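Owing to the predicted nature of the structure, the values given are computational and were not obtained by experimental measurement. Reckoned from all heavy atoms, side chains included, excluding hydrogens, waters and symmetry mates.
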Amino acid sequence: QVRLLESGGGLVQAGGSLRLTCTASGRSLRNYDVGWFRQAPGEEREFVGDINHTGGNTYLTDSVKGRFTISRDNAKNTAYLQMTSLKPEDTAVYFCAADALRPRVAAGKPQNWGQGTQVTVST
């Protein structure tokens, strides 16, 4: 229903920063909760956090709390994952996802997924 495309991934040194952008097309993003997930090689996909449709409520998993920030700009049909103080264990493919129902995002079963972007953090 809504198409999602991530951008901004890359290679950074530990302690560095990256900002990932999730751009939506096909539908307005304003009525969707947006989640961020990541998947390391050989591991299950992990729920990083999400932001509700207005941006008034966010959630971040404990391992990234204080280092990552989720935001959105509905006028630009985009959402963001600002990552600072990156650690090697943050290395993964990062996905954005969207669903009109926040519980499906929190459960790891949103209806719409992006293709993923690689984030690699070196020591």
I need the full list of salt bridge (Lys or Arg N to Asp or Glu O under 4.0 Å) pairs touching residues 13-35, with sequence neighbours left out, sorted by first then second residue. Asp33-Arg102

Geometric cation-pi criterion, Arg45 with Phe95: 6.0 Å, 45°: yes

Would you compute the distance between atom CE of Met83 and atom OH of Tyr94 and round it to the nearest 0.5 angstrom? 5.5 Å

Would you list the pairs meeting disulfide (SG to SG under 2.5 Å) in which at least one residue belongs to residues 92-123, sequence neighbours left out? Cys22-Cys96

Is the Phe37 to Trp113 ring centre distance short of 6.0 Å? yes

Could you give all pairs that pass the salt bridge (Lys or Arg N to Asp or Glu O under 4.0 Å) test and reach residues 66-80, with sequence neighbours left out? Arg67-Asp90

Beyond-backbone contact of Thr61 with Phe47, side-chain heavy atoms, under 4.5 angstrom: no

Using a 4.5 Å side-chain heavy-atom cut-off and chaining through intermediate ILVMFWY residues, the residues clustered with Leu5 come out as none

Where Thr123 and Pro88 come nearest, the two heavy atoms and their spacing: CG2-CG, 3.5 Å

Donor-acceptor contact present, side-chain Asp50 to main-chain Val34, <3.5 Å: no

My understanding is that a hydrophobic cluster links ILVMFWY residues whose side chain heavy atoms are under 4.5 Å apart, including indirect links. Using that, what else belongs to the cluster containing Leu101? none

Holding to salt bridge (charged side-chain N to carboxylate O under 4.0 Å, His left out), I want the full list of residues that pass it with Asp99, two or more places apart in sequence or in another chain. Arg104

